[in-house]
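Just so it is clear, the values below take in all heavy atoms, side chains as well, and ignore hydrogens, waters and symmetry mates. None of the values given here were measured: they were computed from a predicted structure.
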Protein chains: 2
Amino acid sequence: MRLSERKISSIMKQRGYKLTPQRRAVLKIIMGSDNHLTPEAIYQSVREEHQNIGLTTIYRTINILSELGLICEVHTAGSGRSYLVRRPLEHHHHLVCSGCNRVVDFSNCDLADIERKLSEGTGFKIEEHLLEFVGICPDCQQTAES
Amino acid sequence: MRLSERKISSIMKQRGYKLTPQRRAVLKIIMGSDNHLTPEAIYQSVREEHQNIGLTTIYRTINILSELGLICEVHTAGSGRSYLVRRPLEHHHHLVCSGCNRVVDFSNCDLADIERKLSEGTGFKIEEHLLEFVGICPDCQQTAES
DNA sequence: ACTATAGATGAAAACCTTTATCGTTTGTAC
DNA sequence: GTACAAACGATAAAGGTTTTCATCTATAGT
């Protein structure tokens with residue numbers, strides 16, 4: 001199952017959040033992009049159709065979506081934060097293009113072995129892991145060659 | 001080979017950076033800690049013996065050490081940045097205690113398989129990866145129980 | 001040792017990103 | 001339609017990091 005805009009709307013309502021035009025607009029931008037987007041980038045995009053929206057609202061909406069687990073944060077993007085709609089609902093990771101910021105998801109992260117060895121070797125009780133790959137997508141490779 | 005304070009000093013000199021008392025002091029704090037430290041934490045520690053140092057100098061020194069690859073950034077630590085002296089010089093990753101911030105290094109990250117599959121499946125030319133584990137170290141587990 | 005100078009320092013200001021405040025507006029349930 | 005809790009936008013505040021600039025100092029050459 002993947003998240004549709006309607007599905008997300010319904011989840012937000014269930015959890016007591018109102019569905020305002022502003023939130024719809026932010027959702028539309030995030031859902032319509034294959035790339036991870038910074039709050040500022042989302043702001044600029046939403047502004048094209050919704051000139052009056054405030055940056056504060058972008059942050060508020062992002063925080064709600066993040067709290068509900070509907071968007072994912074990408075960590076490799078320099079300093080600031082950067083978000084992406086959650087596409088596979090199960091545990092997964094990201095492969096990010098350093099050229100165009102496109103993100104590909106993958107689910108078969110086989111870290112159980114490493115995790116067990118580490119746990120045995122150090123006595124740590126392991127709680128979570130962070131795994132991301134960065135590379136250049138086929139399109140950007142071509143652009144670079146030409 | 002591990003990095004000694006002398007080794008780092010020599011590398012900085014080679015690259016045209018002067019060895020000032022302030023930089024020595026920052027180095028001493030970073031080298032003397034098993035934990036990852038935020039710029040602010042480094043500032044506070046250095047200040048205990050070097051009351052006049054400015055926060056600016058901390059940032060400048062961190063940036064140099066980072067550029068020279070002598071310290072590592074830890075990504076799991078909430079929002080801000082956090083640094084640690086580079087202990088294994090080879091490619092490695094971190095296991096971080098969420099209780100006390102202690103960091104354990106490990107080198108045998110066996111991601112070559114995943115990387116190859118991903119590369120074949122997506123056409124991406126993979127450049128780097130980010131892998132970190134977070135858990136609770138034995139000491140902090142005990143503290144939590146008692 | 002002494003001097004010249006490129007580079008480093010500290011204080012303050014500027015920047016950028018994110019969050020809090022507050023009066024006004026609006027979705028939603030009745 | 002109305003009432004009310006929630007959300008909005010503008011502005012201010014709060015962090016965290018970088019820039020600026022006048023002063024100082026580590027280093028190389030004498």
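Atom CD in A:Q14 sits about 16 Å away from atom C1' in C:dT28, given to the nearest Å. Computed from coordinates, the A:R15 CZ to D:dA6 P distance equals 15 Å when rounded to whole Å. In this structure, NE2 of A:H50 is placed 9 Å from P of D:dC8, rounded to the nearest angstrom. Between A:L37 atom CG and C:dT17 atom P there is a gap of 15 Å when expressed in whole angstrom units. Atom CG in A:L27 sits about 14 Å away from atom P in D:dA7, given to the nearest Å. Distance A:I62 CD1 to C:dT19 C1': 13 Å, rounded to the nearest Å. Rounded to an integer number of Å, the gap from CE of B:M12 to P of C:dG7 is 14 Å. Taking atom OH on A:Y43 and atom C1' on C:dC16, their separation rounds to 14 Å, with Å as the unit.
The side chain to side chain donor-acceptor pair (under 3.5 Å) check on B:R116 picks up B:D113, with sequence neighbours excluded. With sequence neighbours left out, the side chain to side chain contact (heavy atoms under 4.5 Å, CB included) criterion links A:K28 to A:E5, A:E49.
Applying the salt bridge (Lys or Arg N to Asp or Glu O under 4.0 Å) test to every pair with at least one member in residues 32-47 of chain A, sequence neighbours left out, gives these pairs: A:D34-A:R87. Sequence neighbours left out, not one pair with a member in residues 17-66 of chain B passes ring pair (Phe, Tyr, Trp, His ring centres under 6.0 Å).
Using a distance-only test at 3.5 Å, with no hydrogens or angles considered, a donor-acceptor pair links the side chain of B:R23 to the main chain of B:K18.
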- Message: Protein within reach of the bases, or only the backbone? For nucleotides 15-27 of chain D, mark each nucleotide 5' to 3' as B, S or -, using heavy atoms under 4.0 Å.
- Response: -SBBBB-----BS

Considering only distance and modelled atom types, tabulate donor-acceptor pairs under 3.5 Å from the side chains of residues 124-131 of chain A, sequence neighbours left out.
residue, atom, partner, partner atom, Å
A:E127, OE1, B:S98, OG, 3.3
A:H129, NE2, A:H91, NE2, 3.3
A:H129, NE2, A:H93, NE2, 3.1

